[in-house]
Amino acid sequence: MERVIKSGDGWRIGWNPNAVEYQGLVGTDDWAIELTAAELDVFCRLLAQLADTMKQLTAELMDEEKIACEAESDLLWMEVEGYPHQYSLRFILNSGRCAEGKWQASAVPGLLQAAGMLKVF
């Protein structure tokens, strides 16, 4: 598999299996950070988990109710905040070099879709 970088309005995500240390990349139009393969795997897993949680909460909340949900591993912490159908995403990298980033609600659907297909052959 060769290097893949997917991007859209306000988001980008990448995978380079041939890189020595940092095979992954996440970011926006204004910033990016390289991630190890393990960090990228956790990022994609927690993103999918949080999106699924928000989807499940749709029936539990009134239309005007906002919510925040968090998920964490030893490598990173993530939070979604907003409405079940439109929410922002924030993360903090807890290992090694430490970093923090955020995506606006309009960018999250594209990032979520790309993260789910990033390593599909």
Side-chain angles (χ1 to χ4, degrees):
M1 183 175 184
E2 293 188 26
R3 184 170 102 166
V4 175
I5 295 182
K6 297 178 183 238
S7 63
D9 189 22
W11 63 270
R12 58 185 156 153
I13 188 167
W15 171 247
N16 182 358
N18 300 319
V20 176
E21 188 171 359
Y22 300 110
Q23 296 84 13
L25 175 118
V26 295
T28 69
D29 299 331
D30 299 322
W31 63 268
I33 183 168
E34 292 179 320
L35 302 176
T36 65
E39 292 165 346
L40 182 64
D41 287 345
V42 170
F43 177 90
C44 292
R45 180 177 57 81
L46 293 181
L47 176 57
Q49 179 182 330
L50 286 167
D52 186 52
T53 299
M54 292 298 273
K55 186 176 181 180
Q56 291 177 17
L57 289 173
T58 301
E60 306 295 323
L61 301 173
M62 295 189 302
D63 291 343
E64 64 275 2
E65 275 188 285
K66 286 186 176 182
I67 191 164
C69 295
E70 299 178 7
E72 186 172 11
S73 80
D74 58 334
L75 298 177
L76 57 98
W77 170 89
M78 294 177 74
E79 175 189 58
V80 292
E81 183 176 15
Y83 302 101
H85 62 281
Q86 185 179 11
Y87 47 87
S88 62
L89 170 67
R90 196 164 67 108
F91 85 103
I92 297 175
L93 187 61
N94 292 327
S95 62
R97 63 223 175 272
C98 298
E100 184 173 347
K102 182 177 182 177
W103 291 266
Q104 298 300 317
S106 59
V108 174
L111 178 63
L112 178 62
Q113 182 179 15
M117 301 183 324
L118 188 62
K119 295 184 185 179
V120 174
F121 293 88

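Computed from a predicted model, the values in this text were never measured in an experiment. Residue numbers start at 1 and run along the sequence shown.
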Original post:
In terms of the angle between their ring planes, are Phe43 and Phe91 parallel, tilted or perpendicular, with boundaries placed at 30° and 60°?
Top reply: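 Geometry flag for Phe91 against Phe43: perpendicular rings.
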
Does the [X] side chain pair with the main chain of [Y], one donor and one acceptor, at a distance under 3.5 Å?
X: Trp15; Y: Leu25; value: no
X: Gln86; Y: Ala105; value: no
X: Glu39; Y: Thr36; value: yes

[X] vs [Y] side-chain heavy atoms within contact, under 4.5 Å:
X: Asn18; Y: Arg3; answer: no
X: Ile67; Y: Met54; answer: yes
X: Trp11; Y: Gln104; answer: no
X: Lys6; Y: Met117; answer: yes
X: Leu118; Y: Leu40; answer: yes
X: Leu75; Y: Asn94; answer: no

Original post:
Heavy-atom count around Asp9 CG within 6.0 Å, excluding the residue itself: above 12?
Top reply: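 Atom CG in Asp9 is not crowded, with 12 or fewer foreign heavy atoms closer than 6.0 Å.
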
Original post:
More than 12 foreign heavy atoms under 6.0 Å from CD of Gln113: is that the case here?
Top reply: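 Counting other residues, nucleotides and ligands, CD of Gln113 stays at 12 neighbours or fewer.
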
Going from [atom1] on [X] to [atom2] on [Y], what distance comes out if it is rounded to the nearest 0.5 angstrom?
X: Gln23; Y: Glu34; atom1: CD; atom2: CD; answer: 9.5 Å
X: Leu76; Y: Arg45; atom1: CG; atom2: CZ; answer: 8.5 Å
X: Leu46; Y: Glu79; atom1: CG; atom2: CD; answer: 13.0 Å
X: Trp103; Y: Trp31; atom1: CH2; atom2: CH2; answer: 3.5 Å

Original post:
Charged N to carboxylate O under 4.0 angstrom, Lys66 versus Glu81?
Top reply: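 Salt bridge flag = no for Glu81 with Lys66.
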
Please tell me whether [X] and [Y] are part of a single hydrophobic cluster in this structure, the criterion being side-chain heavy atoms less than 4.5 Å apart.
X: Leu47; Y: Trp77; answer: no
X: Leu111; Y: Ile33; answer: yes
X: Leu112; Y: Leu57; answer: yes

Heavy-atom closest contact ([X] atom, [Y] atom, distance):
X: Thr28; Y: Asp30; answer: OG1-N, 3.0 Å
X: Gly8; Y: Asp29; answer: O-OD1, 3.9 Å
X: Met78; Y: Leu89; answer: CE-CD1, 3.5 Å

